[in-house]
Amino acid sequence: MDDANPSLHQNEPRAVALIGPYGAGKTTLCGALLQAAGTATRRAANARTHAPTYETKLAHCTFLGDAWTILDCPGSIELAYETACALAVADFAVVVVDPEPARAILLRPTFRMLEAEHLPFMIFVNKIDTLERASDTAFDHLIGALQAETKVQLIPRQMPIRENGRIVGYIDLLSERAYRYRASAMSEKIAVPASMTATEQAAHDAVIDMLADHNDTLLEQVINDAMPTPAELYSHFRLDMEKQDSAGVMLGAAERFHGVQRLWKALRHDVAGPTATAARRAIVPHGPLLAQVFKTTYGNSTGKFSFARIWRGTFRDGTAVDVNDNSGSVRIGGITRFADHEAQKVSVAEMGEVVVLGRLQGVSTGAILGTARQPLAFPSPPPPLHVAAIAAVDRKDDVKLSGALEKLLESDRSLGLVRNPETGDTLLTGQGEVHLNRAVEQLGALAGVTVRMRQPRVPFKETIRRPVHQHTRVKRQTGGHGQFADVKLDIEPLSRGTGFRFIDRVVGGAVPRQFIAAVSDAAKEATQRGPLGFPVVDVAVTLVDGGFHAVDSSDMAFRSATRIGMMEGLTKADPILLEPIHRITVSAPTIFTTNVQHLLTSRRGQLLGFSEHPDWANWDDTEALLPEVELHGLITELRSQTAGLGTFVYRFDHLGETPPRLAEKIIQEITNRVS
Ligand SMILES: Nc1nc2c(ncn2[C@@H]2O[C@H](COP(=O)(O)OP(=O)(O)O)[C@@H](O)[C@H]2O)c(=O)[nH]1
Ligand SMILES: [Mg+2]
């Protein structure tokens, strides 16, 4: 492909996402990029960095005549879905990392997201000013550590120049030019330090070899000792990144402006525009209007905003567009573009632009606007890791709450809402404590009510451990008509998971036909709340015999005899509390597997074994059976034991007997609640 034309993508607006672990300096870098583009003042740029980033922030700017949208993504693992959604519409990602090799392990989830999206990316090693005693090999170590986390080949784009252990500049390994950093200004070009010429040459050759791995033409050139020109190298480099065969590694210090201008130039040259991105996402280039919503927000004063990238055509304010290929249509009511902090109303937006659309009812994150004619891939929300029961402090606010919940779930699909009919709890599910705390805060603000959060109630059950024979007679004389019923019940335990069974073994009309249904119903009803206070499962009740009175027997009499008999019988039958046990698979880096096992056993987990993660090198999957009560807060503790990386999936497995001590405590609690 020709690279003679450096303005290959110049006329298309491009979108680049800044991603990476929390605290690596993404927001600072975003400010520095804006400042370098002349969009933000240093103060405005710095002001951005104070608070942690909870959601993807958008900034628009122009760099050397090209339009850019920068998507400053949150780094927290709990908000990873927000980042995944941004990656679904970005042309490119800059992974911002800390220079400390020990922290490279944090990059695995980031790299996995990029690999899943096939999104081209490069790495920006930030905070190199913090390396006070950088050794010759510090940078190699870092790249080695990062390489262990991704299948994409990492190619160092720059080589640091050190003086007294500090990094003061770099040599560009493609152009072989050297630069010295200057305080808050563009770097100054210098001669390659004499002491570095040999190592620089070796590093340059190594880069060419790496590029030749993916390119036969280059390989042939190398074999024939023909020197590729810098322009050829740039071109190979860009194409390699575009195919996600490799990713360049650059360095700098966003806070000091080091390497920021260089990064801009690399982006300008290496980032393909929306035409290429649309092609990568299998969107045919010519056709009707098409855009995808990647973020949705609700504010009390602002209303609903849908953030969308336009893949095809032109958006005009006031026109109607289809939603998800004919599942409805909406009218565009306001198109906004963000220039740093300032919102700018526009009436028309073109292909490639990232815009914010107002008041699109029924349109949620991932929605397709216009006509796709084929499904457009969009990341699915991750499975829940943390669950809390929520309620309005004042019950009469529940209605307001449900409206706000709808908005909340529409704006964040990594939240979920489940009503547990067994416990009556309304459960909000999400990715961790921080995530849910913030969600509940937003919920309260949207609804204008105070929302309370507490640990979900566990749907305990009970069963019996030994068979009993129960004889109960109800005999009452009240005025005229009396009440008479006599039942003999065999109450027996069944194997786990069988449920409830009623058997009629009455012979010779000891209990007349017409009353059997009343006995059966009452027996079943009695299992709704057993002697311990929970639903009774896995019990067989056999009506073996009984008696009746020609005048005084009735459905009601048989019902009450059965009810009394069941309660007495179950109490004598050695009742025991059962708790839901889940089968859980915990994934974490292998170095933390022992921690994971201790954590699970400390929470009454029964370890089933562990194995290598099927496709994450140096990660293990630990399998265990874990009581549902112990899931509460597990993700928080797991993260603290695994540098924040551990995660899990779980599903209900069986009901297990609750250990006596715990059972006592739980029964006490429910007794207190009832009385
Ligand atoms: N020493 C140093 N600190 C930096 C640099 N860039 C960012 N920081 C600091 O790192 C912290 C986290 O930065 P922030 O941009 O919020 O990180 P984010 O979570 O990745 O967005 C802040 O205290 C920044 O001031 C840098 O180049 N050098
Ligand atoms: Mg940030």
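Ligands are counted one by one from 1 in listed order, and the atoms in each one are counted from 1 as well. Values in this document were obtained by computation on a predicted structure and should not be read as measured data. Values below: all heavy atoms of this structure, side chains included; hydrogens, waters and symmetry mates excluded.
At under 3.5 Å, a nitrogen or oxygen of G23, whether backbone or side chain, sits near a nitrogen or oxygen of ligand 1. Remark: ligand 1 and G25 share an N or O pair separated by less than 3.5 Å (distance only, no angle test). Below 3.5 Å of separation, one finds an N or O of T27 facing an N or O of ligand 1.
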Where do F257 and Y181 land on the ring-ring contact (aromatic ring centres under 6.0 Å, His included) test, with the steps shown first?
CA-CA 9 Å; F257 228 57; Y181 296 131; over 10 Å; no
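Within the 4.0 Å heavy-atom cutoff, G75 does not count among the residues contacting ligand 1. Contact analysis puts T130 in contact with ligand 1, with a non-hydrogen atom separation below 4.0 angstrom.
Both the backbone and the side chain of T28 come within contact range of ligand 1, each with a heavy atom under 4.0 Å. Of the heavy atoms in I128, none comes closer than 4.0 Å to ligand 1.
Ring geometry for F307 against F305 counts as perpendicular: the plane angle is over 60°, on a 0 to 90° scale with 30° as the lower cut.
Looking at E242 and R280, no side-chain N of the basic residue comes within less than 4.0 Å of a carboxylate O on the acidic one, giving no salt bridge. Using a 4.0 Å cut-off between charged nitrogen and carboxylate oxygen, R112 and E115 count as a salt-bridge pair.
Y22 lies apart from the Mg ion (ligand 2) in this respect, since none of its N, O or S atoms is found at a distance under 2.8 Å.
For atom 2 (C) of ligand 1, the nearest non-hydrogen atom from the set E255, K57, K26 belongs to E255.
Here the options are Q431, H435, K407, the test is side-chain hydrogen bond (donor to acceptor under 3.5 Å, both in side chains), and the partner is D412; only H435 passes.
Of all non-hydrogen atoms in L599 and L638, the two that sit nearest each other are CD2-CA, 3.5 Å.
In summary, the side chains of T590 and N618 do not present any donor paired with an acceptor at a separation below 3.5 Å, with no hydrogens or angles considered.
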